[in-house]
Amino acid sequence: MTSKQSLSGRIVKSFLQTFTGSGVNFVTTLVSSYFYALFLGPSVYGVWQTAKVFLSYGTFTSLGIPFVMRRDFISLRSEGKFAEAERMAHVSITYSYIVNPLIAVVFIVIALVSDSELAVRASLFLVALLYITDLVSSMGNILHKGINDYRTVAAADIIYGIGTLCIVPFVYFSGYYALLSGYLGISLAKSLYYFLNRPFPYKWVWDPALLKKMMFTAFPLFLVTIISTVFLSVDKLLIAGLLNFENVGLYSLSTFLAQPVTILLSSFSIVVFTQLNEKYGKSKESHVIEKQVYIPQRIFSRILPPLIGMGVVALPMLTETLLPKYQGGIAAAQINIFAILFLKLANFSSSGLFILDKLKYTAISFFVAGCLKTFGSWLALKAGYGIESVALLTLTAYFIYNAMMLYYVNMTLGKSVGNFLTRLAESLACPAFFIALCMLYINFSPDIFSHFGINNGWVQLLAGEAMIIAAGAPFMFMAYREVKGFIGR
């Protein structure tokens, strides 16, 4: 077996392991999220979605250190420097032990002095506690990925997913506060699992020189983290501030379609990054970036749009049947799911720029697209347009972000503009086709079905899905051939 073949085999094996855990997590989380949305209603569910935004802001105080640790931990181990790798991990963990409780105190104070409704203040209090209880699981996730132990990562994902399902009955009987208590219990269980399965004993190691070096190295990542976190969450905050929590709940309908796309692409991109970084270390050769960026992006740009198209066609009927109170969010969700596709395709370019030490380009891309999304959404909402306008601006911003990231990878490798346009066209052809097809279906299918006397909603759904499957078959076949070639290398 050749070295390349063994690399591809390890990528596939690790992907299947992590996707198994993520898949179970996805199914259980999707089912539980459905019941949360059903039982709580759009307004309270919108409070929960907004609270999760604040939870993501804890990355600001990390200063990018965990991300540098993740990269250099893998590289040092690949060079046989295991003691240095562990010391870096210990210093990173010690820093988190100091900082995370301080963040928790800040959120507790905000919750105590805020004059918001009780549900919002209770949510902020939970966010504070999760900054402490998630500490071990967050670090454990990075370390186990760093040693290619995706079995443990998958098991932790399963624990989390099953936990979200177990608290559904409590939410039904006790409401929102049972949801908050349940998530605290899940966090504790997941952290306990990671602690019991830690790859080496955790130690308190305070090394100012090493920490300063990590902070200096991490500064570009820190900027990227701040910009990207705000970039990804600002739409919900604007809707909550300029409209209300009910519209946040309606806007969050797209998460039910976005979860499988996110899990599939995130699982694959993380595995490819870890395996290639372990094999090639800090190599910046173009063939490494080819495997890291161009090939995976081309494959998934052909696989996912047909699947997303099927979701877009099915969403109105499914929402009417399963979540009738959320029908006001259908149009925004149909737009948002394609936005998520472009965002996640850009993850491969992000990994490539990370390897190339060109994170400033990631920051620039996030900043430009983030300004468009933020100010565009603010103007649209102030002008009286609804959440659909926010979704449309999000789609535009994420497309620009993906294109800019791909351009910077191409430029850093010294490739021509023509090569960039070719690469962009390869990844854009299928998504653009299905965006156009879905727009035509949404606008003209009612008249077509009426003309042919097809009035049964389920028959209409089957006809729409058959059209999407037929249109997607050629793209899926091309992706299948590309996957076979990638695995065989």
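All values below were derived from every heavy atom in this structure, side-chain atoms included, with hydrogens, water molecules and symmetry-related copies excluded. Remember, it's a predicted structure, so these values are computed and weren't measured experimentally.
Between the side chains of Thr133 and Ser187, at least one donor N or O lies within less than 3.5 Å of an accepting N or O. Between the side chains of Asp235 and Ser377, not a single donor N or O lies within less than 3.5 Å of an accepting N or O. A donor atom on one side chain and an acceptor atom on the other are found under 3.5 Å apart for Ser123 and Tyr176. Side chains of Lys344 and Tyr398: a donor-acceptor N/O pair is absent below 3.5 angstrom, by distance only.
Under a cut-off of 6.0 angstrom, the local environment of NZ in Lys325 is sparse, with at most 12 non-hydrogen atoms contributed by other residues, nucleotides or ligands. For CZ of Phe170, the number of neighbouring non-hydrogen atoms (other residues, nucleotides, ligands) closer than 6.0 Å is 12 at most. Atom CZ of Phe367 has 12 or fewer neighbouring heavy atoms from other residues, nucleotides or ligands inside a 6.0 Å radius.
Screening Tyr361, Tyr401, Phe420 against Tyr407 for a ring pair (Phe, Tyr, Trp, His ring centres under 6.0 Å) leaves a single residue, Phe420.
Scanning all heavy atoms of the two residues, the minimum distance from Ala155 to Tyr193 falls at CB-OH, 3.1 Å. Shown here for Ala397 and Lys373, the closest heavy-atom pair between the two residues is CB-CB, 3.8 Å. Summarising the geometry of Phe434 relative to Gly472, their closest heavy-atom pair is CZ-CA, 3.4 Å, with the distance given to 0.1 Å. When all heavy atoms of Tyr45 and Ser252 are compared, the closest pair comes out as CE2-CB, 4.2 Å. Ala189 and Ile159 get closest at one heavy-atom pair: CB-CG2, 4.4 Å.
The aromatic rings of Phe107 and Tyr131 sit tilted relative to each other, their planes meeting at an angle between 30° and 60°.
With sequence neighbours excluded, no residue forms a side chain to side chain donor-acceptor pair (under 3.5 Å) with Thr422.
A cation-pi arrangement is found for Arg423 relative to Tyr294, the charged atom lying closer than 6.0 Å to the ring centre and inside a 45° cone about the ring normal.
Looking only at distances, a side-chain donor or acceptor of Ser301 sits under 3.5 Å from a matching main-chain atom of Arg298. Judged by distance alone, the side chain of Gln334 and the main-chain N or O of Leu315 form no donor-acceptor pair under 3.5 Å.
In this structure, Trp48 has its ring center at least 6.0 angstrom away from the ring center of Phe245.
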